[in-house]
J.: 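Sharing a structure with you now.
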Amino acid sequence: MQYRQLGRTGWRISEVSFGAWAIGGTWGDVNEQDARAALTRAVDLGINFFDTADVYGDGRSERLLSELKRQYGSDIVVATKAGRRLDPHTVAGYTAQNLGDFVDRSQRNLQLDAIDLLQLHCPPPDAYYMPEIFAALDDLVAQGKIIHYGVSVERVEEGLMALQYPGVQSVQIIFNLLRQRPAELFFSQAGAHQVGIIARV
């Protein structure tokens with residue numbers, strides 16, 4: 001396995017990481033024994049970065065990862081996401097109170113005093129025009145509830161807008177053989193801001 005520095009976090013994470021949506025059971029039945037076996041095998045193969053969200057199996061994915069985190073501690077990094085519990089999913093719901101409640105719930109699921117990396121879960125584009133949202137995340141860092149925060153985005157433009165907020169440590173963005181646009185501009189800008197890139201989809 002090869003490892004790369006994730007922005008300014010100080011973490012060196014595996015180039016191939018583990019996306020934990022499937023073990024939440026959203027895409028079909030995955031029994032917990034198989035899920036635990038997959039997670040342990042991933043660590044055996046050198047994977048040390050695991051990505052989940054509070055809505056993956058309504059917290060089931062986070063709870064499975066809590067067991068892995070207890071077993072391996074700081075040797076692994078668990079990133080979770082927040083925001084998609086909102087119904088409707090609108091920018092008005094991204095209040096300090098709601099973000100705090102989401103973090104509290106993920107802390108309970110993960111059984112962590114401080115979440116390694118919290119990512120906003122593809123928030124509406126208007127979120128990037130609301131500095132109070134990112135101020136609320138800064139407050140959660142100051143309170144010791146999260147260590148770092150970032151965003152998961154749908155579009156390059158959203159990723160670029162996220163870079164204006166100095167507390168953003170990572171941007172999770174769609175990048176694959178069919179979606180190459182991030183390489184044209186975003187990657188260089190993220191590098192200039194020392195913001196980590198997490199490729200998804």
J.: Is the backbone of M161 close enough, under 3.5 Å, to the side chain of Q164 for a donor and an acceptor to pair up by distance?
T.: yes
J.: Between CD of Q5 and CZ of R12, what distance do you get to the nearest 0.5 Å?
T.: 6.0 Å
J.: Below 4.0 angstrom, N of the basic side chain to O of the carboxylate: do E158 and R155 qualify?
T.: yes
J.: Given ring-ring contact (aromatic ring centres under 6.0 Å, His included), test F175 with F186 step by step and report yes or no.
T.: CA-CA 11 Å; F175 182 66; F186 178 73; over 10 Å; no
J.: So which heavy atom on P124 is nearest to which on T90, and how close?
T.: CG-C, 3.9 Å
J.: Please check if any side-chain donor atom of D101 sits under 3.5 Å from a side-chain acceptor atom of Q97, or the reverse.
T.: yes
J.: Could you tell me which non-hydrogen atom of R200 sits nearest to which non-hydrogen atom of S152, and how far apart they are?
T.: NE-OG, 3.5 Å
J.: For G144 versus A114, what's the shortest heavy-atom pair and its separation?
T.: O-CB, 3.2 Å
J.: Is D116 salt-bridged to K69, going by a charged N under 4.0 Å from an acidic O?
T.: yes
J.: Under 6.0 Å between ring centres, would you say that holds for F102 and H121?
T.: no
J.: side-chain contact (heavy atoms from CB on, under 4.5 Å) for C122 and R84? Distances and angles first, verdict last.
T.: CA-CA 8 Å; C122 298; R84 286 290 178 170; 3.4 Å; yes
J.: When you check the gap from the basic side-chain N to the acidic O, do R181 and E157 get nearer than 4.0 Å?
T.: yes
J.: Just by modelled atom types, is the A37 backbone N or O under 3.5 Å from a matching donor or acceptor in the T40 side chain?
T.: no
J.: Assess the residue pair V43 and F50 against the criterion (side-chain contact (heavy atoms from CB on, under 4.5 Å)); give the C-alpha distance rounded to whole Å, side-chain angles, the decisive distance to 0.1 Å, and a yes or no.
T.: CA-CA 10 Å; V43 175; F50 294 79; 3.7 Å; yes
J.: Taking atom CD as the centre, does Q194 end up with more than 12 heavy-atom neighbours from other residues, nucleotides or ligands that are less than 6.0 angstrom away?
T.: no
J.: Go through the steps to decide whether V55 and W21 satisfy the test side-chain contact (heavy atoms from CB on, under 4.5 Å), and finish with yes or no.
T.: CA-CA 9 Å; V55 292; W21 190 357; over 6 Å; no
J.: Shared ILVMFWY cluster between L117 and V153, side chains joined below 4.5 angstrom?
T.: no
J.: Please round to the nearest 0.5 Å and tell me the distance separating atom CD of Q119 and atom OG of S170.
T.: 5.0 Å
J.: Is the distance between the ring centroids of Y165 and Y128 under 6.0 Å?
T.: no
J.: Less than 4.0 Å between a side-chain N and a carboxylate O, is that true for D58 and R105?
T.: yes
J.: A side-chain contact here means heavy atoms from C-beta on lying under 4.5 Å apart; do N48 and D75 qualify?
T.: no
J.: L140 versus Y149: any side-chain heavy-atom pair under 4.5 Å?
T.: no
J.: Any side-chain donor paired with an acceptor under 3.5 Å for S106 and D54?
T.: no
J.: Could you check D51, L112, N109, L39 and say which one makes a side chain to side chain contact (heavy atoms under 4.5 Å, CB included) with L65?
T.: L39
J.: State, yes or no, whether a side-chain contact exists between E184 and Q180 at a heavy-atom distance under 4.5 Å.
T.: no
J.: What are the two closest non-hydrogen atoms of V30 and R60, and how far apart are they?
T.: O-NH2, 2.6 Å
J.: Check D113 with K145, please: is the shortest side-chain N to carboxylate O separation under 4.0 Å?
T.: no
J.: Does atom CD of Q33 have more than 12 heavy-atom neighbours from other groups under 6.0 Å away?
T.: no
J.: Side chains of I198 and F49, heavy atoms from C-beta outward: is any pair under 4.5 Å?
T.: yes
J.: Do I115 and T80 touch side chain to side chain, with heavy atoms closer than 4.5 Å?
T.: yes
J.: V201 and N176: which non-hydrogen atoms are nearest, and at how many Å?
T.: O-ND2, 2.6 Å
J.: With a 4.5 Å heavy-atom cut-off, do V78 and T52 have their side chains touching?
T.: yes
J.: Starting at NZ of K81, measure out to CG of L118 and round the result to the nearest 0.5 Å.
T.: 10.0 Å
J.: Just do the side-chain contact (heavy atoms from CB on, under 4.5 Å) check on R63 and Q111 with the steps written out, would you?
T.: CA-CA 8 Å; R63 290 189 292 273; Q111 297 186 40; over 6 Å; no
J.: Strictly distance-based, threshold 3.5 Å: is any side-chain N or O of H89 a donor or acceptor partner for the main-chain N or O of R85?
T.: no
J.: Starting from I174, can I reach I197 by hopping between I/L/V/M/F/W/Y residues whose side chains sit under 4.5 Å apart?
T.: no
J.: Do L178 and I173 share a hydrophobic cluster, counting only Ile, Leu, Val, Met, Phe, Trp and Tyr and linking them when any side-chain heavy atoms are less than 4.5 Å apart?
T.: no
J.: Give, for atom CZ of R70 and atom CG of L110, the distance between the pair rounded to the nearest 0.5 Å.
T.: 10.0 Å
J.: Do you know which two heavy atoms are closest between V171 and G159, and how far apart they sit?
T.: CG1-CA, 4.2 Å
J.: Say you draw a straight line from CG of D138 to CD1 of I146; how long is it, rounded to the nearest 0.5 Å?
T.: 8.5 Å
J.: Is there side-chain contact between V195 and Q169, with heavy atoms separated by less than 4.5 Å?
T.: no
J.: Within the structure provided, determine whether R8 and H148 are in side-chain contact (heavy-atom separation under 4.5 Å).
T.: no
J.: Test of understanding: clusters of I, L, V, M, F, W, Y form through side-chain heavy atoms closer than 4.5 Å, transitively. Do L68 and W11 belong to the same one?
T.: no
J.: Same cluster or not: V141 versus V77, using hydrophobic residues (I, L, V, M, F, W, Y) connected whenever any side-chain heavy atoms lie under 4.5 Å apart?
T.: no
J.: If I take atom CD1 from residue I13 and atom OH from residue Y3, how far apart are they, to the nearest 0.5 angstrom?
T.: 11.0 Å
